[in-house]
Every structure is written in structure tokens, then in C-alpha cells.
Amino acid sequence: MMKFKSPPVNSLSLEFLTEFSISLEKLENNRACRGVIITSTLPKIFSSGLDITEMCGKSVEHYTEFWRAVQEMWLRLYGSNMVTVAAVNGSSPAGGCLVAMSCDYRIMAENPKFSIGLNEAQLGIVAPFWFKDTFVNVVGHRIAERSLQLGSLHPAPEAHKLGLVDELVPEEKLMEKAAAVMAQWLALPDHARQLTKTMMRKAVLDRLVAHREEDIKNFVTFVSKESIQKSLRMYMEMLKKRKS
């Protein structure tokens with residue numbers, strides 16, 4: 001069981017991403033560990049996604065280091081040999097949605113106030129190709145295209161209808177259901193399941209590995225633009241006002 005605990009909203013900061021990747025690597029190297037359930041200790045939020053403060057007013061070097069950490073997290077989680085189950089116990093926008101989508105199975109708390117989706121377009125940001133590829137592999141091309149262009153956040157019932165999450169359960173039954181799903185997946189021989197997973201996901205993983213440096217360069221160029229910095233500053237101001 002891996003529980004996110006980085007108040008107030010489990011933002012994916014550089015420190016958080018680094019610790020997440022190291023934890024995944026340790027579990028991967030532990031032969032006794034065959035699967036991991038990922039959830040949050042914070043009420044109402046799974047993960048709010050990438051930490052905006054890491055992308056605003058920082059140096060080119062910092063943006064480079066941050067984006068490499070985002071890539072590393074995804075490569076490890078999406079390519080993991082373990083069975084990965086996301087127990088989504090709150091809202092999960094943007095990078096939080098990517099974490100959930102990268103797992104083998106997603107169970108979400110049955111609460112219409114909780115939403116999930118890649119809403120980057122709302123912030124004036126473009127979801128990278130590997131976010132898009134992951135999304136397409138989960139929901140199909142047409143739903144992904146519409147949802148990405150509109151930056152949609154889907155309430156839990158709609159997310160289930162679209163196939164973005166596999167199951168909805170009452171909040172109090174979430175962990176019990178996650179454990180039952182894990183048992184079902186672990187009942188299969190690891191070897192066959194792992195090879196099948198690799199076969200299904202290899203092309204998407206290989207695409208990022210082949211274009212990793214180019215992807216970092218694109219991100220740094222994009223996020224360094226004054227128009228994007230302005231958009232991020234405005235978004236941060238809006239969040240501050242909401243809090244106050």
C-alpha cells in the first residue's frame with residue numbers, strides 16, 4: 001500500500017515525484033512485493049497534479065530537472081512489473097489523473113463531487129504526447145480528443161461511464177474493493193501477466209524513451225514563454241483568492 005501524504009492537495013512537486021519514483025523502485029526490487037495499491041491519506045483529494053510553483057518563476061535548470069522527474073515517475077509506474085491498483089478517494093485532475101491512468105486498474109469513490117481528467121487546456125497548457133497516449137489507451141481516441149481539447153474534468157459517474165475509471169464504489173468500501181481486485185490479479189501467474197502488460201504498453205513507453213530529451217526541451221521552451229508564465233501566475237492568484 002502506498003499512501004500519498006503531502007498536504008494540502010498532494011501536488012506533484014519535484015521532491016514528491018523523486019520520493020515516489022524511489023519508493024516504486026524499492027518495491028519493484030523487492031521480490032516479495034507483487035503488487036501495490038496507490039491511494040491518498042488526504043480527504044477529498046487523490047492528487048491535484050503537477051505542482052504549479054515548480055513551473056513558475058524558476059530557472060531553465062530547474063524546469064529541466066522537474067520535467068525529468070515527471071517523466072521518470074511515469075516510466076516507472078506505467079512500465080511497472082507489479083500489479084498497480086489506484087484507489088482514487090478524491091478528485092484527481094491533470095497529473096493526478098495521469099498517475100491513476102498509469103495503473104492497471106482504477107477504482108474511484110462513488111461521489112459526484114469528485115472529478116478526474118486531464119484539464120491542462122484550461123490553464124493554457126498542452127498535455128504532452130505521452131499523457132495523451134496514456135489517455136487514448138484508456139478511453140479511446142474520440143473521447144480523449146474531445147476531453148483534452150476542452151480540458152474536461154469528469155465527475156466520478158461520468159468518468160466511470162467513459163471508462164476512465166473501471167469501477168465506482170461507496171467511499172467506505174474503497175480499500176476493501178481495492179484489496180479484492182488486487183487478489184484477483186495476483187491469482188494469475190506473474191510471468192504471463194507481466195509479458196502481456198509489456199506487450200500492451202511497450203510502444204507508448206518506447207516513444208517517450210526515444211524522445212525524452214526532445215520532450216524536456218519542448219517543455220522548458222513552452223513553460224519559459226512569458227505568456228505561459230503569465231497564465232500560471234494568474235492561476236496561482238486565483239487559487240490564493242479561493243483559499244482566502
Side-chain angles (χ1 to χ4, degrees), residues 12 35 37-39 46-50 70-71 73-169 174 177-178 181-182 184-185 188 192-211 215 218-219:
L12 304 177
I37 295 168
I38 297 173
T39 193
F46 179 71
S47 168
S48 66
L50 301 183
V70 179
Q71 291 177 334
M73 176 277 293
W74 178 78
L75 288 167
R76 284 207 173 278
L77 184 58
Y78 198 65
S80 175
N81 270 325
M82 296 182 289
V83 175
T84 52
V85 174
V88 184
N89 55 334
S91 287
S92 195
C97 176
L98 181 74
V99 170
M101 288 194 303
S102 299
C103 293
D104 296 312
Y105 202 83
R106 283 161 292 289
I107 308 158
M108 193 168 183
E110 199 171 10
N111 186 331
K113 289 181 180 172
F114 297 163
S115 60
I116 184 169
L118 294 179
N119 62 324
E120 282 81 355
Q122 288 188 34
L123 315 183
I125 298 171
V126 179
F129 71 85
W130 42 286
F131 281 52
K132 180 268 295 176
D133 288 346
T134 310
F135 201 27
V136 168
N137 284 353
V138 171
V139 299
H141 197 282
R142 175 64 193 133
I143 291 167
E145 183 182 339
R146 187 181 64 212
S147 188
L148 283 169
Q149 285 199 55
L150 294 172
S152 304
L153 283 174
H154 305 285
E158 187 186 322
H160 181 233
K161 199 168 131 192
L162 297 175
L164 185 49
V165 293
D166 297 300
E167 259 182 274
L168 292 184
V169 295
L174 187 66
K177 184 65 192 180
V181 167
M182 180 61 75
Q184 181 191 1
W185 282 62
L188 277 82
R193 183 195 55 74
Q194 286 166 356
L195 282 175
T196 305
K197 182 174 179 175
T198 301
M199 178 174 67
M200 295 299 291
R201 298 190 172 195
K202 190 175 185 303
V204 176
L205 288 159
D206 285 354
R207 193 171 165 212
L208 177 59
V209 172
H211 299 283
D215 181 60
N218 288 343
F219 169 76

query: Looking only at atom types and distance, does a side-chain atom of Arg207 sit under 3.5 Å from a main-chain N or O of Phe129, one as donor and one as acceptor?
result: no

query: Quick one: does Leu75's side chain get under 4.5 Å of Trp130's, heavy atoms only?
result: no

- prompt: Between Asn137 and Tyr78, do the side chains contain an N or O donor and an N or O acceptor separated by less than 3.5 Å?
  reply: yes

query: Which distance, rounded to the nearest 0.5 Å, do you find between the CE of Met182 and the CD1 of Ile37?
result: 4.5 Å

- line: When every non-hydrogen atom of Val165 is compared with those of Ala156, the smallest separation belongs to CG2-O, 4.4 Å

message: Distance check, rounded to the nearest 0.5 Å: Glu158 atom CD versus Leu164 atom CG?
response: 9.5 Å

query: Can you check salt bridge (Lys or Arg N to Asp or Glu O under 4.0 Å) on Arg201 and Asp206, steps first, answer last?
result: CA-CA 9 Å; Arg201 298 190 172 195; Asp206 285 354; over 6 Å; no

message: I need the Leu195 CG to Lys202 NZ distance, nearest 0.5 Å.
response: 12.5 Å

- request: Please round to the nearest 0.5 Å and tell me the distance separating atom CG of Asp166 and atom OH of Tyr105.
  value: 5.0 Å

message: Donor-acceptor pair, distance only, cut-off 3.5 Å: does the side chain of Ser91 make one with the backbone of Ser115?
response: yes

- prompt: Are Asn89 and Phe114 close enough that some pair of their side-chain heavy atoms sits under 4.5 Å apart?
  reply: no

- prompt: Is Trp74 close to Val99 at the side-chain level, that is, under 4.5 Å between some pair of heavy atoms?
  reply: no

message: Tell me whether Asn119 contacts the main-chain N or O of Pro93 through its side chain, where contact means a donor paired with an acceptor under 3.5 Å.
response: no

message: Does atom NZ (Lys197) have a neighbourhood of more than 12 heavy atoms from anything else shown, all under 6.0 Å?
response: yes

field: Exam field: side chain Ser152 to backbone His154, donor-acceptor pair closer than 3.5 Å
entry: no

query: Could you walk me through whether Ile38 and Cys103 pass the side-chain contact (heavy atoms from CB on, under 4.5 Å) check?
result: CA-CA 9 Å; Ile38 297 173; Cys103 293; 4.0 Å; yes

message: I want to check something: taking the side chain as every heavy atom from C-beta on, are Val85 and Arg106 in contact at a cut-off of under 4.5 Å?
response: no

field: Ala87 backbone acceptor or donor facing Thr39 side chain under 3.5 Å
entry: yes

task: Taking the side chain as every heavy atom from C-beta outward, state whether Met101 and Leu118 have any pair of such atoms under 4.5 Å apart.
output: yes

